[in-house]
Protein chains: 2
Amino acid sequence: MSVAEELLTPGEVARMFRVDPKTVRKWGQLGRLTSVRTPGGHHRYRENEVRALLDHGRTTVNNPS
Amino acid sequence: MSVAEELLTPGEVARMFRVDPKTVRKWGQLGRLTSVRTPGGHHRYRENEVRALLDHGRTTVNNPS
DNA sequence: CTTCAATAGGGTAATTGGGGGA
DNA sequence: AGTGTCCCAATTACCCTATTGA
């Protein structure tokens, strides 16, 4: 179902990854993030992709005593 | 329900534990820290995890000094 | 229409990742 | 077993100004 997907601003993505907005833009240029361009040239990123990326690197390992 | 979690850079964690960033990365490899990876390959660590680990080392029953 | 915050763009410094060895 | 330091290359952070977005 293609409902309107939530688009995130560079600042939002940068806050989620704890990086600089400039770094987020480079990820889009490198093809690691799908960047949606506004008519003015600003970038928007898909929330689903960002969340998938965050979950991908997550090592949910329980530490047994 | 994923609210924006606070992520810390390796340098931040290293400063809190008074160790080298390299050591922090090893903790992530050993599964003792939840490591979130940026698309660029850098690691980010959960502030809650770090705090829990810091508190965990405070198993002092009654000996603050 | 105006105002203000955020963003794009390039360039340079600092940090980080990885292996190997002490 | 665990940590600190060496090398390298890659990634990221902060400086600036002009433009876009709401």
Side-chain angles (χ1 to χ4, degrees):
Chain A
M1 300 286 289
S2 303
V3 294
E5 251 190 288
E6 302 296 322
L7 294 179
L8 301 176
T9 61
E12 288 277 308
V13 181
R15 255 172 271 153
M16 296 167 84
F17 276 98
R18 193 69 175 93
V19 294
D20 216 69
K22 262 78 170 202
T23 305
V24 178
R25 192 198 314 155
K26 278 172 190 163
W27 294 345
Q29 295 175 8
L30 292 173
R32 289 168 176 159
L33 267 176
T34 303
S35 59
V36 180
R37 300 273 247 157
T38 65
H42 285 202
H43 290 78
R44 295 285 120 92
Y45 306 93
R46 301 185 181 280
E47 185 185 19
N48 292 337
E49 261 203 76
V50 176
R51 289 202 180 193
L53 237 41
L54 284 167
D55 280 2
H56 183 57
R58 196 170 273 185
T59 331
T60 322
V61 179
N62 282 340
N63 192 11
S65 322
Chain B
M1 313 183 1
S2 303
V3 293
E5 329 167 46
E6 307 296 318
L7 296 178
L8 299 176
T9 62
E12 290 264 299
V13 181
R15 224 170 299 149
M16 297 167 86
F17 280 98
R18 301 273 294 169
V19 293
D20 259 10
K22 317 287 186 186
T23 305
V24 177
R25 193 195 321 154
K26 291 207 171 186
W27 293 347
Q29 294 177 15
L30 293 172
R32 303 206 234 192
L33 268 175
T34 302
S35 62
V36 178
R37 308 200 34 163
T38 65
H42 283 205
H43 290 80
R44 296 283 116 96
Y45 305 95
R46 305 245 265 128
E47 186 186 24
N48 292 337
E49 287 254 39
V50 176
R51 286 192 179 181
L53 240 39
L54 285 167
D55 279 2
H56 184 270
R58 195 202 291 202
T59 323
T60 0
V61 185
N62 50 7
N63 191 350
S65 33

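Note that the coordinates shown come from a computational prediction; the quantities given were computed from them, not determined experimentally. Within every chain, numbering begins at 1; the chains are lettered A, B, ... in the order of the sequence lines, protein sequences first and strands thereafter.
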Colleague: At a cut-off of 3.5 Å, list every protein nitrogen or oxygen paired with a nitrogen or oxygen from nucleotides 17-21 of chain D, distance to 0.1 Å.
Modeller:
{"residue": "D:dT20", "atom": "O4'", "partner": "A:His42", "partner atom": "NE2", "Å": "3.4"}
{"residue": "D:dG21", "atom": "OP1", "partner": "A:Thr38", "partner atom": "OG1", "Å": "3.1"}
{"residue": "D:dG21", "atom": "OP1", "partner": "A:Gly40", "partner atom": "N", "Å": "2.9"}

Colleague: Within this structure, what is the CD-to-P distance between A:Gln29 and C:dG9, rounded to whole angstrom?
Modeller: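 Roughly 6 Å, once rounded to whole Å.
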Colleague: Looking at D:dG2, I'd like to know if its phosphate oxygens (OP1 or OP2) sit under 4.0 Å from a side-chain N or O belonging to B:Arg32.
Modeller: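 So the side chain of B:Arg32 is within the cut-off, an N or O lying under 4.0 Å from OP1 or OP2 of D:dG2.
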Colleague: A:Tyr45 vs A:Trp27, test: ring pair (Phe, Tyr, Trp, His ring centres under 6.0 Å). Steps then yes/no.
Modeller: CA-CA 10 Å; A:Tyr45 306 93; A:Trp27 294 345; 8.6 Å; no
Colleague: Which is more 5' along DNA chain D, the nucleotide nearest A:Arg18 or the one nearest B:Asp20? Just name the residue.
Modeller: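 Looking at the nearest nucleotide for each, B:Asp20 comes out on the 5' side.
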Colleague: Can you tell me the Watson-Crick or wobble partner of C:dC1, both distances under 3.5 angstrom?
Modeller: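 Result: none.
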Colleague: Going by number, which of residues 7-16 of chain B have a non-hydrogen atom under 4.0 Å from DNA chain C?
Modeller: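 Heavy-atom cutoff 4.0 Å gives B:Pro10, B:Gly11.
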Colleague: Expressed in angstrom and rounded to an integer, what is the separation of A:Phe17 atom CZ from D:dT12 atom P?
Modeller: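 So the two atoms are 10 Å apart, to the nearest Å.
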Colleague: Which heavy-atom pair separates A:Glu49 from A:Leu33 by the least distance, and what is that distance?
Modeller: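 Minimum heavy-atom separation between A:Glu49 and A:Leu33: OE1-CA, 3.8 Å.
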Colleague: To the nearest angstrom, how far is A:His43 atom NE2 from C:dA8 atom P?
Modeller: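 So the two atoms are 6 Å apart, to the nearest Å.
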Colleague: If we call it a pair only when both distances are under 3.5 Å in a Watson-Crick or G-U wobble match, what pairs with C:dA22?
Modeller: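 Base partner found: D:dT3.
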Colleague: It should be established whether A:Trp27 places a side-chain nitrogen or oxygen under 4.0 Å from OP1 or OP2 of nucleotide D:dT11.
Modeller: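 No, A:Trp27 has no side-chain N/O under 4.0 Å of OP1/OP2 on D:dT11.
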Colleague: Without decimals, in angstroms, what is the distance between A:Leu33 CG and D:dT11 P?
Modeller: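 Rounding to the nearest Å, CG of A:Leu33 and P of D:dT11 are 14 Å apart.
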Colleague: Can you get from B:Val19 to B:Leu54 by hopping between Ile, Leu, Val, Met, Phe, Trp and Tyr side chains that sit under 4.5 Å apart?
Modeller: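 Yes, B:Val19 and B:Leu54 fall within the same hydrophobic cluster.
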Colleague: Figure out the NZ/P separation between A:Lys26 and C:dG9, and round it to whole Å.
Modeller: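 Between P of C:dG9 and NZ of A:Lys26: 11 Å.
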